[in-house]
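Accompanying notes for the structure given below.
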Amino acid sequence: MESDRILQRAEDALRRHGAVPRLAQRARQRQREGFFRKVGRVALVAGLFVIGLPLWGLIVGPVGTSGLMIAVLAFIVAATALMLAPTRDAGGDTVPTTDLARLPLRTEAWLAGQRPALPAPAARLVDGIGVKLEILAPQLQALNDKEPAAFEIRRLIADELPELVNGYRRVPQHLRADGINGMSPDKQLIDGLSVVDSELSRMSAQLASGDLNKLATQGRYLELKYQDDGGSS
C-alpha cells in the first residue's frame with residue numbers, strides 16, 4: 001500500500017539521519033527548560049514572601065507565629081501549584097505569529113507535544129517531519145518574510161499542519177480508526193502528514209537551489225486533507 005511505502009521511507013530517513021536521538025534530545029531539553037522555568041517562578045514567589053513579610057511587619061504590624069505559619073503554608077501551596085501546573089505546549093498558540101527564522105523549530109517543538117496523542121504510524125511521520133523542519137530552519141535565516149516563497153512556507157507549517165493535527169484531535173477517540181461512512185480520520189491524518197512531509201522535502205530542495213519562484217508556485221497545500229471535507233475536522 002502507498003501509505004506503507006511512505007512510512008517505510010520515513011523510517012529509513014530517520015535511521016539515515018540519526019534523527020530519533022536528536023529529536024529525543026531536544027524533547028528532553030524542552031522538558032528541562034520547562035522544569036527550570038517552574039523553579040524560577042517558585043524562587044520568585046519565595047522572594048516575594050521574604051521581602052513581603054518584613055515589610056508587612058514594619059507597615060501593618062508584627063506577623064506573629066500564627067501569621068508566619070500561614071505565610072509558610074501559603075508558600076507551600078503556591079509552590080506546589082506552580083510545580084504541578086502542566087507545561088504549556090511549546091509554540092501552541094504562538095506558532096502562526098512566530099517570525100520566519102524561528103518558525104520551523106517552534107513548529108517542531110509544538111509537534112513533539114502533540115505526538116503522544118497520535119496513532120503510531122502518524123507519530124513516525126511526525127518524527128520525519130521534525131527532521132525536515134530542523135533542516136529547513138537554517139535555510140530560512142536569509143529568506144525575506146515578504147517573499148511569496150516565505151508566504152507558502154508559513155502557510156504550510158504554521159497554518160495547515162497545525163490545523164491538520166488539531167482537526168484530528170477534535171475527532172472523538174472512538175471514531176478515529178473507522179470514522180463515519182468509511183472515512184477514517186486515522187488514514188486522513190497519515191495521508192495529510194505524508195503530503196506535508198513531501199512538501200517540506202520539495203521546499204528544502206528548492207531553497208537549496210535558490211529557485212524561489214518555483215517554490216512559490218508549486219505548493220499542493222494538503223490536497224489529500226481537503227479532498228473529503230469533514231473527515232478529520
Side-chain angles (χ1 to χ4, degrees), residues 14 17-118 122-124 126-143 145 153-154 157-159 161-166 168-170 173:
L14 287 170
H17 292 285
V20 172
R22 288 204 309 275
L23 294 173
Q25 183 180 12
R26 284 209 301 278
R28 289 193 295 270
Q29 181 181 351
R30 286 192 293 269
Q31 289 174 344
R32 287 195 298 270
E33 290 171 353
F35 172 78
F36 285 118
R37 281 197 297 270
K38 290 179 179 180
V39 170
R41 294 186 188 115
V42 171
L44 177 62
V45 172
L48 291 175
F49 274 97
V50 168
I51 296 172
L53 285 176
L55 286 177
W56 180 277
L58 289 172
I59 297 173
V60 179
V63 175
T65 303
S66 59
L68 183 60
M69 292 179 62
I70 292 173
V72 170
L73 180 61
F75 170 73
I76 292 173
V77 171
T80 302
L82 287 171
M83 293 303 294
L84 294 180
T87 302
R88 186 180 179 182
D89 284 341
D93 297 334
T94 61
V95 166
T97 58
T98 302
D99 61 85
L100 189 66
R102 294 188 299 124
L103 181 59
L105 293 184
R106 180 67 63 88
T107 303
E108 189 266 320
W110 176 81
L111 267 181
Q114 311 307 306
R115 190 183 188 281
L118 305 181
R124 292 197 295 273
V126 161
D127 289 339
I129 289 171
V131 175
K132 290 179 174 63
L133 289 170
E134 181 183 9
I135 294 169
L136 187 65
Q139 295 180 289
L140 299 185
Q141 298 301 314
L143 184 61
D145 204 18
I153 291 170
R154 180 179 291 279
I157 64 177
D159 296 331
L161 175 57
E163 175 55 29
L164 174 67
V165 175
N166 288 332
Y168 173 81
R169 295 196 62 180
R170 286 194 293 267
Q173 198 160 14

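The structure displayed is predicted, hence computed values, not measured ones.
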Which heavy atom of [X] sits nearest to which heavy atom of [Y], and what is that distance?
X: R115; Y: A123; result: NE-O, 3.6 Å
X: F49; Y: A71; result: CE2-O, 3.4 Å
X: L140; Y: L100; result: CD1-O, 3.7 Å
X: P104; Y: L133; result: CB-O, 3.3 Å
X: G130; Y: E108; result: CA-CG, 3.6 Å
X: F75; Y: V42; result: CE1-O, 3.9 Å

Residues two or more places apart in sequence or in another chain: which of them pass side-chain contact (heavy atoms from CB on, under 4.5 Å) with [X]?
X: A78; result: V45
X: I51; result: L55
X: A101; result: D99, Q141

- Query: Can you find a pair of side-chain heavy atoms, one from W110 and one from R106, that are under 4.5 Å apart?
  - Reply: no
- Task: Rounded to the nearest 0.5 Å, what's the gap from CD1 on I157 to CD1 on I153? Could you check?
- Result: 7.0 Å
- Note on the structure: When rounded to the nearest 0.5 Å, the distance separating CZ of R124 from CD1 of I129 is 13.0 Å
- Apply side chain to side chain contact (heavy atoms under 4.5 Å, CB included) to M69 and T65, showing your working. CA-CA 6 Å; M69 292 179 62; T65 303; 4.3 Å; yes
- Does the side chain to side chain contact (heavy atoms under 4.5 Å, CB included) test come out yes or no for V165 and V126, once each step is laid out? CA-CA 10 Å; V165 175; V126 161; 5.7 Å; no
